[in-house]
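Here the structure comes first, spelled out in C-alpha cells, and everything after it is commentary.
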Amino acid sequence: MGMRPSKPEALVRYEEWLKNGPPHFCWNCDNYGPKGECYKYKMNPPEEFVHTQDACPDWIAEVPF
C-alpha cells in the first residue's frame, strides 16, 4: 500500500492561520471604530500604531453570536 502524499503548502499555511487566528491590528479589533477611534482608550491611535501587528495587548474579537 502506498504512502499518502505530503500536504500542500497552502493547506499547511491555512491550518496554521486557523490555529493562530487572524493577525492582530487595530483594523480588525472590536474596539476600533469606523472613524479610527479606539473605544477602550477613547482616542485615535497614531497611524504607525494602527499599522503595527500585535501593538496592543487589549486586542479583542468578539464572537458574532
Side-chain angles (χ1 to χ4, degrees):
M1 189 176 273
M3 289 186 61
R4 189 175 185 180
S6 62
K7 196 178 285 187
E9 184 60 32
L11 185 55
V12 171
R13 287 191 310 269
Y14 173 71
E15 289 173 344
E16 188 68 22
W17 182 86
L18 287 177
K19 184 175 82 176
N20 294 323
H24 298 180
F25 287 94
C26 290
W27 277 96
N28 63 338
C29 178
D30 282 350
N31 289 320
Y32 194 62
K35 294 183 180 176
E37 72 276 15
C38 175
Y39 300 136
K40 181 167 180 72
Y41 292 102
K42 299 175 179 46
M43 63 177 285
N44 286 52
E47 187 172 346
E48 182 178 328
F49 186 87
V50 170
H51 287 244
T52 302
Q53 185 170 345
D54 298 323
C56 183
D58 296 316
W59 183 92
I60 187 169
E62 294 289 337
V63 178
F65 51 87

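Any value given below was found using the heavy atoms of this structure, including those in side chains, with hydrogens, waters and symmetry copies removed.
Without hydrogens or angle criteria, E48 side chain to P46 main chain gives no donor-acceptor distance under 3.5 Å.
P45 and C26 get closest at one heavy-atom pair: CG-SG, 4.2 Å. Contact detail for Y39 and G33: the closest heavy-atom pair is OH-CA, 3.2 Å. Across all non-hydrogen atoms, the minimal contact from V12 to K7 is CG2-CD, 3.9 Å.
Side chains of V50 and Y32 form a contact here, defined as non-hydrogen atoms less than 4.5 Å apart.
In this structure, the separation between CD1 on I60 and SG on C29 is 7.0 Å, given to the nearest 0.5 Å. To the nearest 0.5 Å, atom CG of residue L18 and atom CZ of residue R13 are 13.0 Å apart. The distance from atom NE2 of H24 to atom CD of Q53, rounded to the nearest 0.5 Å, is 8.0 Å. Atom NZ of K40 is separated from atom CH2 of W59 by 14.5 Å, given to the nearest 0.5 angstrom. Atom CD in E16 sits 11.5 Å away from atom CG in L11 (nearest 0.5 Å).
F49 and W27 sit in two unconnected hydrophobic clusters of ILVMFWY residues. Membership requires side-chain heavy atoms under 4.5 Å apart, directly or through other members.
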